[in-house]
Enquirer: 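What follows is a structure written as structure tokens; I'll ask about it next.
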Protein chains: 2
Amino acid sequence: MLGLLNYGSMTGYELDKAFKESLSFFWQAQTSQIYRELAAMERKGWVNSEQVIQNEKPNKRVYTITGSGKEELKSWLCTSEADIDDAMRVRSAFLMRVFFAGEMENGEALSMLRKYREACVGQSEAFGAVPESIAQYGALVDNEDQIKYWKVVALFGEISYRAGLEWVNRAIALLEGECK
Amino acid sequence: MLGLLNYGSMTGYELDKAFKESLSFFWQAQTSQIYRELAAMERKGWVNSEQVIQNEKPNKRVYTITGSGKEELKSWLCTSEADIDDAMRVRSAFLMRVFFAGEMENGEALSMLRKYREACVGQSEAFGAVPESIAQYGALVDNEDQIKYWKVVALFGEISYRAGLEWVNRAIALLEGECK
DNA sequence: TTAATCATGTAACACGTTACATGATTGC
DNA sequence: GCAATCATGTAACGTGTTACATGATTAA
């Protein structure tokens, strides 16, 4: 949220949209969490807010990052310590299901993997629209440096879904060999 | 935990080791969380426990899955509903850092990526030891069906780290082009 | 004698999710 | 008339993390 507010002042509603439309690939947040954390961040002095009265739409509260908020953002970005191990960490209820799939019917496990394959294909296709979307947001932010990194993150997504597809195809082939 | 206890009765300490030695690739749990959740599961009737007095070692409490626990495990394994989307969900503070890396020095971003590369290489190498480890645990569990799925999960790990390495190499190449 | 392994927990806090609550305006 | 978009929250609950507390035995 500090990262987004650093691009420009925003409402909770707009932050929520940013998470859902752009960041959801690597981070998710509930609407209620956004409003709660905005209040907490204001208490900490990282942001301040101002009510804006509107007449054709409901009133809104616009949040602005403070100096102390910018410091906090930078220190979070730069202290990478043990964080690389954290970065590698996967946490997947899906893989847990696969791990214990010996307790399922063979066909049930296969249908789970086929659903995963469909989801991979869908996600891979969805990445076609990403460059366009980056160009649009990039024009608003007006910072060449930023969009370079956005593209690098998008590349991670593409490569991961392709890898996921490769895996699931091999997994299905392995299991189909036994349960025709 | 129900999945593990389904292989055979165990203590909290042994469950903790299983998470740390075998499941940590796709799920992590703190020791304190394991003991807390064991207590909760006993309250729910999914497991029961018995104290075992030892004389050469500290006493221990052995947990055993109940019929109702087995039912719970099976229903968790088989109801896969919306869970595939959940499976695809990535949550990565590391990718968040990359996304906002425009606020860092260029060199700092690069060194973060190089650390990631080292970690990928290390993890990839660590996968060499996995087949041996699977064979060892497999002998204890004595269920051919199970180890088949364990191998499929290990394959996911190998493929993911290879993909991560491919990505980080391309990302570093992209960024080095500009900051020599 | 010092580190590792065996063994079990409590308390507090941080973070994430779900359910609920409200209400105006705009486009089909 | 109905759905979508704009707009903001509270309360309760569930899950994950950190800090703390204790103490025996065995191998280097």
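Residue numbering restarts at 1 for every chain, and letters A, B, ... go by the order of the sequence lines.
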Enquirer: Please determine whether a side-chain nitrogen or oxygen atom of A:Gln30 lies at a distance below 4.0 Å from atom OP1 or OP2 of C:dG16.
Expert: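 No, no such contact exists.
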Enquirer: Less than 3.5 Å apart, which donor and acceptor atoms pair up between the side chains of residues 154-161 of chain A and the rest of the protein, not counting sequence neighbours?
Expert:
from     : atom 1 : to       : atom 2 : distance (Å)
A:Ser160 : OG     : A:Phe156 : O      : 2.7
A:Tyr161 : OH     : A:Gln123 : OE1    : 3.4

Enquirer: When rounded to the nearest 0.5 angstrom, what distance separates OH in A:Tyr116 from CG in A:Leu95?
Expert: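 Interatomic distance, A:Tyr116 OH to A:Leu95 CG, rounded to 0.5 Å: 7.0 Å.
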Enquirer: Just by modelled atom types, is the B:Trp46 backbone N or O under 3.5 Å from a matching donor or acceptor in the B:Thr66 side chain?
Expert: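 Yes, the answer is positive, given that a donor and an acceptor are paired below the 3.5 Å cut-off.
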Enquirer: Can you tell me how far P of C:dT17 sits from CZ of A:Arg91, to the nearest Å?
Expert: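 Distance, rounded to whole Å: 12 Å.
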Enquirer: C:dG16 C1' sits how many Å from A:Gln33 CD, rounded?
Expert: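 That distance rounds to 5 Å.
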Enquirer: To the nearest Å, how far apart are B:Glu56 CD and D:dA27 P?
Expert: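 Roughly 10 Å, once rounded to whole Å.
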Enquirer: With a 6.0 Å cut-off on ring centres, are A:Phe100 and B:Tyr7 close enough?
Expert: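 When the ring centroids of A:Phe100 and B:Tyr7 are compared, they turn out to be within the sub-6.0 Å range.
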Enquirer: Does B:Arg114 come within less than 4.0 Å of B:Glu176, counting only side-chain N to carboxylate O?
Expert: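 Salt bridge between B:Arg114 and B:Glu176, a charged N being under 4.0 Å from a carboxylate O: yes.
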Enquirer: Which heavy atom of B:Gln146 sits nearest a heavy atom of A:Gly102, and at what distance?
Expert: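 In this case the closest contact between B:Gln146 and A:Gly102 is NE2-CA, 3.8 Å.
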Enquirer: How does protein reach along nucleotides 5-13 of chain D, written 5' to 3' as B (base within reach of a heavy atom under 4.0 Å), S (only sugar-phosphate), or - (no contact)?
Expert: SBBBBB-B-
Enquirer: Whole angstrom is fine here: how far is it from CG in B:Leu38 over to C1' in D:dT15?
Expert: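 After rounding, the gap between these two atoms is 15 Å.
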Enquirer: Give the rounded distance in Å between these two atoms: CD1 of B:Ile34 and P of D:dG16.
Expert: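 After rounding, the reported distance stands at 11 Å.
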Enquirer: What is the distance from CD of B:Gln28 to P of C:dC15, rounded to the nearest Å?
Expert: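 After rounding, the reported distance stands at 17 Å.
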